[in-house]
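The structure under discussion appears below in the form of structure tokens.
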Amino acid sequence: QNSNTPNVVMVNYADRNPGESFAVAPSLGKSIWLLLDPKTMQFGEVAQNFEGESAGLEVKLYFYNPALDQGPGGAQCTKNGLVSERRAIPNTTTPLADTIKLLMSENISDADRALGIESEFPLAGVTLKSASIQNGVTTLTFDDPQNKTGGGSCLVSIRRAQIEATAKQFQTVKSVRFLPAELFQP
């Protein structure tokens with residue numbers, strides 16, 4: 001995960017909850033910032049929340065776990081299979097847009113995959129151009145020059161659900177509108 005600071009990366013990983021048995025797979029999403037010292041080629045942890053530095057913003061990204069969404073014939077491709085993973089973004093004036101962009105660029109870790117978590121992102125060439133909120137309605141405008149947001153109804157349903165749930169974590173977001181309207185359609 002790239003940060004806005006040279007030689008700093010944010011690593012997302014799964015950990016166990018306090019007191020949780022080692023027989024249980026890690027399920028708590030965590031992030032750590034690492035700074036590469038180019039002279040020694042060693043990483044050190046970037047301290048967060050110390051005086052003089054902004055703490056950043058913790059957000060949730062929603063991914064899909066088909067095991068949680070079973071019905072007749074298998075996975076139902078509904079929001080019932082969504083699971084949230086915590087991530088951190090730098091303090092920003094555009095947290096909604098930055099969080100959606102992070103969701104769309106996020107690659108699932110091996111630890112998440114081992115837990116059955118999947119994502120329909122990233123999609124090559126698909127970008128968020130703008131995000132606005134008016135009267136509780138969030139309008140997300142995308143660019144999809146290669147028509148990657150379409151597909152079968154299952155894939156499209158999961159993609160829409162991931163974006164909508166990620167956006168609705170913000171108190172001012174009551175509903176989500178996609179533009180152009182033909183995007184994220186089967």
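Values below: all heavy atoms of this structure, side chains included; hydrogens, waters and symmetry mates excluded.
Taking the side chain as every heavy atom from C-beta outward, F184 and I163 approach each other to under 4.5 Å. Within the 4.5 Å cutoff, the side chain of E85 has no heavy atoms near those of the K60 side chain. Residues L68 and V83 have side chains in contact (heavy-atom distance under 4.5 Å, counting atoms from C-beta outward). Taking the side chain as every heavy atom from C-beta outward, T99 and T166 approach each other to under 4.5 Å. A heavy-atom distance below 4.5 Å is not found between the side chains of N65 and L115. Contact of the Q162 side chain with the L103 side chain is registered, since non-hydrogen atoms from C-beta on lie closer than 4.5 Å.
The pair D112-R87 meets the salt-bridge criterion, since a charged nitrogen lies less than 4.0 angstrom from a carboxylate oxygen.
The hydrophobic cluster containing V176 also contains F170, counting ILVMFWY residues as joined when their side-chain heavy atoms lie under 4.5 angstrom apart, directly or transitively. If you chain together hydrophobic residues whose side chains sit under 4.5 Å apart, M104 and L155 never meet in one group. At a threshold of 4.5 Å between side-chain heavy atoms, the hydrophobic network of Ile, Leu, Val, Met, Phe, Trp and Tyr places V137 and L179 in two separate groups. If you chain together hydrophobic residues whose side chains sit under 4.5 Å apart, I100 and L82 never meet in one group. Each of I158 and L183 belongs to its own hydrophobic cluster when Ile, Leu, Val, Met, Phe, Trp and Tyr are linked at side-chain heavy-atom distances under 4.5 angstrom.
Note that CD of Q185 is 8.5 Å distant from OG1 of T149, once rounded to the nearest 0.5 Å. The CD1 atom of I89 sits 5.0 Å away from atom CG of D98, with the distance rounded to the nearest 0.5 Å.
Ring centroid separation for the pair F63 and F121 does not come in under the 6.0 Å cut-off.
A donor-acceptor pair is defined here as one N or O able to donate and one able to accept, closer than 3.5 Å; no such pair exists between the side chain of D143 and the backbone of T127. Checked by atom type and distance alone, the side chain of Y64 pairs as donor or acceptor with a backbone atom of C77 at under 3.5 Å. Q169 places no side-chain N or O within 3.5 Å of a backbone atom of A165 that could act as its donor or acceptor partner. The closest donor-acceptor contact from the side chain of K148 to the backbone of P145 lies at 3.5 Å or more, if one exists at all. Not one N or O on the side chain of R177 forms a donor-acceptor pair closer than 3.5 Å with the backbone of T141.
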Show your working on side-chain contact (heavy atoms from CB on, under 4.5 Å) between R159 and L123 and close with a plain yes or no. CA-CA 10 Å; R159 288 175 187 149; L123 295 173; 3.7 Å; yes
Evaluate the criterion side-chain contact (heavy atoms from CB on, under 4.5 Å) for residue pair K79 and E164; output intermediate values, then yes/no. CA-CA 9 Å; K79 65 182 180 180; E164 287 175 347; over 6 Å; no
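Annotation for K168: atom NZ counts as buried by contact number, over 12 foreign heavy atoms lying within 6.0 Å.
For the 3.5 Å distance criterion, the side chains of E106 and S119 fail to qualify, holding no donor opposite an acceptor.
For the residue pair S130 and L128, the shortest heavy atom distance occurs at O-CD1, 3.3 Å. Between L140 and A131 the shortest heavy-atom distance is CD2-CB, 3.6 Å.
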